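The structure displayed is predicted, hence computed values, not measured ones.
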Amino acid sequence: MVDAVVGVLLDKLLALLVREGQQLLEFDSQFDKLKDELGYMQGYIKEADRMRRKEGRDILKLVLRDLRELVYDAEDVVADCYIEFMEQHDGYLLNIASCCSPRLLKFRLKIARRLKKIIQRVEVVQDRMKSYLSVAPSTITSKEKESTTLLSYPILFEEADIVGLEDDASKVEKWILQSQEPSTVIGIVGMAGIGKTTLARKICNKNSIKNAFKQMIFVTISQHCDFEDLLKRMLIKMNVDEKSLRKKEVEDLLEKLKEELGEEKYLVVLDDVWGNERSWWDSLKSALPRNLGCCVIVTSRIENVARTMGAIEKHIHRPKILSDDDSWSLFSKTAFAWNCSKCPNSDVAGLGKEIVARCNGLPLAIRVVGGMMLGKGESVSEWKRVLEDLKEALVEEKTSELVMSSLELSYEELPTYLKPCFLCFSMLPEDYPIKVHDIVCWWIGEGFVSGTNARTAFEIGREYAVELCNRYLLLGECDIFDRIFDELSIHDLVRDMAIKIARDVNFTSLNEKGRPELRAQSRRLGIYDDEPIKNIESTGAKKSKIESKLRTLWGLNIEKEVLLNKNLELCRLKRLRVLNASFLWNQEQITVKNWLYGITSLLNLVDLGLHNCKVEKLPDSIGNLLNLRSLTLNHCGNLKMLPPTITKLGKLIAFRVFYCQSLTCMPEGIERLSKLERLVWFPYANSSQRISSFIGQLKNLGQLKVLQVELKNQNNLQELKLNVLSELKLLHYMEISFFNYDFEGGVSVSNLNHLPLQCLEELTLTFYPGESTPVWLNPTSLPNLKFLCIDKGDHLTYMSPQFWEGNWKIEALYLKDLYGLEEEWIMFLKAMPSLRMVRVCRCERLKSFPLHQTQHDAIWRKYDDNTAGVGGH
């Protein structure tokens with residue numbers, strides 16, 4: 001973590017020096033000296049990493065703590081310079097050599113003193129480090145001697161494909177299929193890391209199970225069960241519209257669940273129940289119809305939980321640890337993925353089997369250690385080094401503590417650039433799924449991810465997410481095409497490890513129980529679900545420290561008490577770089593509005609996300625946030641207009657609007673956001689107002705790569721094609737929503753066949769109102785389309801004749817909720833020779849699809865040997 005912070009600071013210092021033309025007067029020599037000293041100390045940090053398990057590690061830990069704090073303080077100096085210059089010059093950075101106001105002179109003197117003290121502290125830390133490192137290292141750049149990255153590896157394998165569970169899965173499958181009782185409860189119980197969740201997912205993915213049940217619902221409970229949220233998640237899994245559930249009470253949700261299940265045969269999986277079942281199980285059970293053959297699977301570390309919920313002895317399964325052969329097979333699948341899961345030589349095999357033996361047959365430990373070894377290749381010296389570290393880490397460990405020790409070692413083996421990215425998950429609630437886009441924006445805001453000439457920051461951030469999943473430190477939920485991760489979560493044991501490390505390195509504010517706590521030294525703070533914020537009863541210096549320290553505030557379900565906390569007033573948080581705030585719906589509009597007006601002070605803000613924000617207008621001062629690169633507005637139902645100052649945000653690369661139904665138009669001048677790469681405009685407004693002006697402005701956004709837009713009528717669609725799409729040369733993903741579309745007898749645009757979108761690779765149409773697909777949806781107009789999704793089309797009956805003219809390059813196809821579609825399955829196979837995967841969900845009239853019950857989420861795949869298969873998702 002420390003070297004990542006140093007790297008971020010050095011980048012900022014260099015950028016500041018370049019921007020000011022090295023005309024920082026007395027600052028220039030101090031900045032140069034600080035830059036040189038910290039660059040030299042990067043070498044010491046590398047040495048400290050290599051010595052983390054050697055004698056003197058406790059002293060080195062203290063030294064690195066001091067270094068971390070002075071690096072943070074130096075970064076604050078840079079932030080202060082930026083804020084002062086922006087405030088002095090009305091948002092423009094000028095050459096300060098020509099500015100001699102008394103205030104600026106006083107500020108310069110103060111900065112000079114702070115820099116001098118920081119440099120003195122650097123020298124003290126250097127002396128201490130030299131005392132514990134035998135050889136002074138040379139300067140090492142941030143890219144030298146890093147562990148081999150895993151960016152080039154694909155997503156390794158699905159949880160359900162894990163080895164050693166075939167017999168267990170068959171056993172539980174038999175219980176489920178043979179049960180003729182109403183609502184049989186089956187328990188899967190065992191220690192953490194034994195594979196309970198993996199087994200449950202493997203069972204649910206069996207074809208026999210998928211075909212036996214009309215409804216399948218898999219939800220995670222966790223230690224702190226919010227029953228209302230649980231019910232909503234269950235209904236959303238059943239494809240009930242999320243918007244319709246927002247204001248329903250628990251009683252209404254229970255009634256809705258009972259109604260949706262009806263007389264159908266269902267399977268419900270309640271994963272990771274922690275002993276809080278008495279507070280909600282009886283209520284939930286009352287909404288589960290007692291239909292014959294229905295089943296509830298409960299996974300828990302506590303066997304008595306499953307018994308309390310109704311599992312009898314003959315329906316309780318206790319997974320065993322893996323055998324030596326299965327352990328080695330699982331390890332090989334991960335560690336040798338670069339070599340088709342085959343060990344490259346006997347030397348590595350001997351070391352590898354010794355490593356696996358120390359995991360004691362626990363699947364989670366084996367997978368994590370395997371992911372750690374994936375980047376080691378066939379370097380015998382590296383394998384020996386890790387084995388020695390494992391011997392030390394796992395010596396005399398209890399089995400219950402073994403997984404945690406292997407996790408900590410896996411963290412230590414992470415490349416520097418991934419460590420701070422991973423620690424961000426210590427701030428999120430247990431079992432909280434986060435969209436990859438949101439976490440990447442967070443990383444960009446913190447400076448953990450930045451773009452290059454060849455790749456954007458978003459592309460690099462997504463690769464970081466894949467790499468953390470390949471190391472099994474994160475769990476990834478793939479997108480609809482099983483292609484890339486769309487959502488990330490973290491195993492509760494891995495989260496415990498992340499919290500422990502985050503506390504040790506002061507990454508975020510957590511108390512001894514791992515719960516959020518506001519302190520004077522807080523750099524990052526996560527707030528969620530009724531978490532009380534500890535007020536700091538102090539004055540003067542300590543309050544100013546809070547102002548200077550906090551740089552990330554991530555709040556979920558923020559309550560009034562938080563907004564009224566003086567220590568969290570936005571005007572105090574001038575160093576804030578990331579602000580993601582989700583408010584409770586019962587918040588008073590005036591309270592939220594007053595809190596948000598402090599946004600004027602956040603000149604360093606890079607990532608801003610507002611969810612459930614009950615205001616009619618955002619403050620005009622949002623235009624002062626000239627560093628802002630990502631802006632998300634989600635479920636802000638009262639929002640009627642966006643301030644025109646948004647068009648001043650020249651660094652914005654991602655702008656997303658979801659579920660803001662009162663918002664009917666975008667401000668004029670959106671074309672000024674010339675760096676936009678990702679634009680989402682899904683307000684789902686009830687108004688049929690034309691958005692012609694907005695569409696016309698899009699053609700000037702030449703950097704746009706992702707466009708998701710809601711259209712209201714036929715003219716909008718034609719304007720989008722004629723005025724915009726031919727100009728967007730980099731566009732590779734587009735989603736068009738026809739929600740509340742003014743349907744007038746069809747959705748087809750003539751004379752568009754000769755406007756091919758050469759670079760478009762992925763297209764999604766949602767709420768499609770036509771009886772046939774538009775004529776422009778054909779291989780000629782979309783010559784490089786690889787992924788096509790048509791989701792929700794009540795009127796769609798057939799594909800247009802143009803759809804079948806020529807050969808598509810489509811590799812994956814998703815057809816969902818197209819109840820009237822009557823096409824022949826064989827037609828798709830003929831028109832799409834490159835097709836590798838098809839998902840079909842609730843397309844009951846699709847003819848001859850290999851799986852009989854197409855109302856399920858069925859998946860067809862074509863394998864490399866030209867064979868095909870059908871399975872469940």
Can you name the closest pair of heavy atoms from [X] and [Y] and give their distance?
{"X": "M497", "Y": "E408", "value": "CG-CG, 3.7 Å"}
{"X": "V386", "Y": "L409", "value": "O-CD2, 4.4 Å"}
{"X": "S582", "Y": "N612", "value": "OG-ND2, 3.9 Å"}
{"X": "W328", "Y": "A349", "value": "CH2-O, 3.9 Å"}
{"X": "K256", "Y": "L235", "value": "CG-CD2, 3.8 Å"}
{"X": "L407", "Y": "L493", "value": "CD1-O, 3.8 Å"}

Please check: side-chain N/O of [X] versus main-chain N/O of [Y], any donor-acceptor pairing under 3.5 Å?
{"X": "K196", "Y": "M191", "result": "yes"}
{"X": "R290", "Y": "E181", "result": "no"}
{"X": "S426", "Y": "L423", "result": "yes"}
{"X": "T220", "Y": "D431", "result": "no"}
{"X": "S179", "Y": "T184", "result": "no"}
{"X": "S410", "Y": "S406", "result": "no"}
{"X": "N291", "Y": "C294", "result": "no"}
{"X": "S327", "Y": "S323", "result": "yes"}
{"X": "R301", "Y": "V189", "result": "no"}
{"X": "K816", "Y": "R842", "result": "no"}

Would you mind writing out the side-chain donor-acceptor pairs for residues 304-313 within the sub-3.5 Å range, not counting sequence neighbours?
{"from": "R307", "atom 1": "NE", "to": "E303", "atom 2": "OE2", "distance (Å)": "3.3"}
{"from": "R307", "atom 1": "NH2", "to": "E303", "atom 2": "OE2", "distance (Å)": "2.9"}
{"from": "R307", "atom 1": "NH2", "to": "E313", "atom 2": "OE1", "distance (Å)": "2.5"}
{"from": "T308", "atom 1": "OG1", "to": "N304", "atom 2": "O", "distance (Å)": "2.7"}
{"from": "E313", "atom 1": "OE1", "to": "R318", "atom 2": "NH2", "distance (Å)": "3.2"}
{"from": "E313", "atom 1": "OE2", "to": "R318", "atom 2": "NH1", "distance (Å)": "3.3"}
{"from": "E313", "atom 1": "OE2", "to": "R318", "atom 2": "NH2", "distance (Å)": "3.1"}

Does a side-chain N-to-carboxylate-O contact under 4.0 Å join [X] and [Y]?
{"X": "D504", "Y": "K500", "answer": "yes"}
{"X": "R385", "Y": "E413", "answer": "yes"}
{"X": "K214", "Y": "E264", "answer": "no"}

- [ ] Evaluate the ring pair (Phe, Tyr, Trp, His ring centres under 6.0 Å) criterion for residues F336 and W383: first the C-alpha distance (whole Å), next the side-chain angles of each, then the deciding distance (0.1 Å), finally the verdict.
- [x] CA-CA 13 Å; F336 308 126; W383 282 75; 5.6 Å; yes

Open item on the list: Parallel, tilted or perpendicular: which one describes the rings of Y411 and F422, with boundaries at 30° and 60°?
Closed with: tilted

Open item on the list: Please verify the inter-ring angle class for Y464 with W443; under 30° counts as parallel, over 60° as perpendicular, anything in between as tilted.
Closed with: tilted

Spacing of [X] atom [atom1] and [Y] atom [atom2] [to the nearest 0.5 Å]:
{"X": "C340", "Y": "K333", "atom1": "SG", "atom2": "NZ", "value": "13.0 Å"}
{"X": "M238", "Y": "L257", "atom1": "CE", "atom2": "CG", "value": "6.0 Å"}
{"X": "L177", "Y": "C295", "atom1": "CG", "atom2": "SG", "value": "9.5 Å"}
{"X": "I527", "Y": "E559", "atom1": "CD1", "atom2": "CD", "value": "10.5 Å"}
{"X": "N360", "Y": "L322", "atom1": "CG", "atom2": "CG", "value": "11.5 Å"}
{"X": "M373", "Y": "L351", "atom1": "CE", "atom2": "CG", "value": "8.5 Å"}

- [ ] Go through the steps for K258 and E255 under the test salt bridge (Lys or Arg N to Asp or Glu O under 4.0 Å), then give the verdict.
- [x] CA-CA 5 Å; K258 190 171 186 178; E255 187 63 32; 5.9 Å; no

Open item on the list: When you measure from the centre of the six-membered ring of F425, is the NZ or CZ of R495 closer than 6.0 Å and no more than 45° off the axis?
Closed with: no

Open item on the list: Can you confirm if the NZ or CZ of R524 lies within 45° of the ring axis of F507 and under 6.0 Å from the centre of its six-membered ring?
Closed with: yes

A side-chain contact here means heavy atoms from C-beta on lying under 4.5 Å apart; do [X] and [Y] qualify?
{"X": "L473", "Y": "L414", "value": "yes"}
{"X": "L364", "Y": "I194", "value": "no"}
{"X": "I188", "Y": "V298", "value": "no"}
{"X": "F218", "Y": "C204", "value": "yes"}
{"X": "W442", "Y": "N580", "value": "no"}
{"X": "V296", "Y": "I186", "value": "no"}
{"X": "L230", "Y": "C225", "value": "yes"}
{"X": "I209", "Y": "I176", "value": "yes"}

Open item on the list: Could you walk me through whether L270 and I297 satisfy the side chain to side chain contact (heavy atoms under 4.5 Å, CB included) test, starting with their C-alpha distance in whole Å, then the side-chain angles of each, then the deciding distance to 0.1 Å, before giving a yes or no?
Closed with: CA-CA 6 Å; L270 303 174; I297 298 178; over 6 Å; no

Open item on the list: Using the rule given for side chain to side chain contact (heavy atoms under 4.5 Å, CB included), can you reason through Y472 versus T334, listing the C-alpha separation, both sets of side-chain angles and the distance that settles it, and then say yes or no?
Closed with: CA-CA 9 Å; Y472 291 103; T334 311; 3.5 Å; yes

Task: Residues forming a salt bridge (Lys or Arg N to Asp or Glu O under 4.0 Å) with D271, sequence neighbours excluded - done: none

Open item on the list: If the condition is salt bridge (Lys or Arg N to Asp or Glu O under 4.0 Å), which residues does D486 pass it with, not counting sequence neighbours?
Closed with: K435

Task: Contacts of K248 that satisfy side-chain contact (heavy atoms from CB on, under 4.5 Å) - sequence neighbours left out - done: L245, D252, L253

Open item on the list: Go through it in stages, so that I can follow the logic: the residues are R233 and D229, the test is side chain to side chain contact (heavy atoms under 4.5 Å, CB included), and I'd like the CA-CA distance, side-chain angles, deciding distance and then a yes or no.
Closed with: CA-CA 6 Å; R233 286 189 287 127; D229 176 67; 3.0 Å; yes

TODO: Decide yes or no on salt bridge (Lys or Arg N to Asp or Glu O under 4.0 Å) for K419 and E412, but give the supporting numbers first.
DONE: CA-CA 8 Å; K419 289 183 178 179; E412 291 176 355; over 6 Å; no

Task: Pairs involving residues 257-316, ordered by first then second residue, that meet ring pair (Phe, Tyr, Trp, His ring centres under 6.0 Å) (sequence neighbours left out) - done: W175-H315

Open item on the list: Whether the S489 and E477 side chains hold a donor-acceptor pair (N or O, under 3.5 Å, no angle test) is what I'd like checked.
Closed with: no

Task: Step-by-step side chain to side chain contact (heavy atoms under 4.5 Å, CB included) determination, I501 to I499 - done: CA-CA 6 Å; I501 294 173; I499 289 173; over 6 Å; no

Task: Residue pairs, two or more places apart or on separate chains, that pass salt bridge (charged side-chain N to carboxylate O under 4.0 Å, His left out) and touch residues 320-329 - done: none

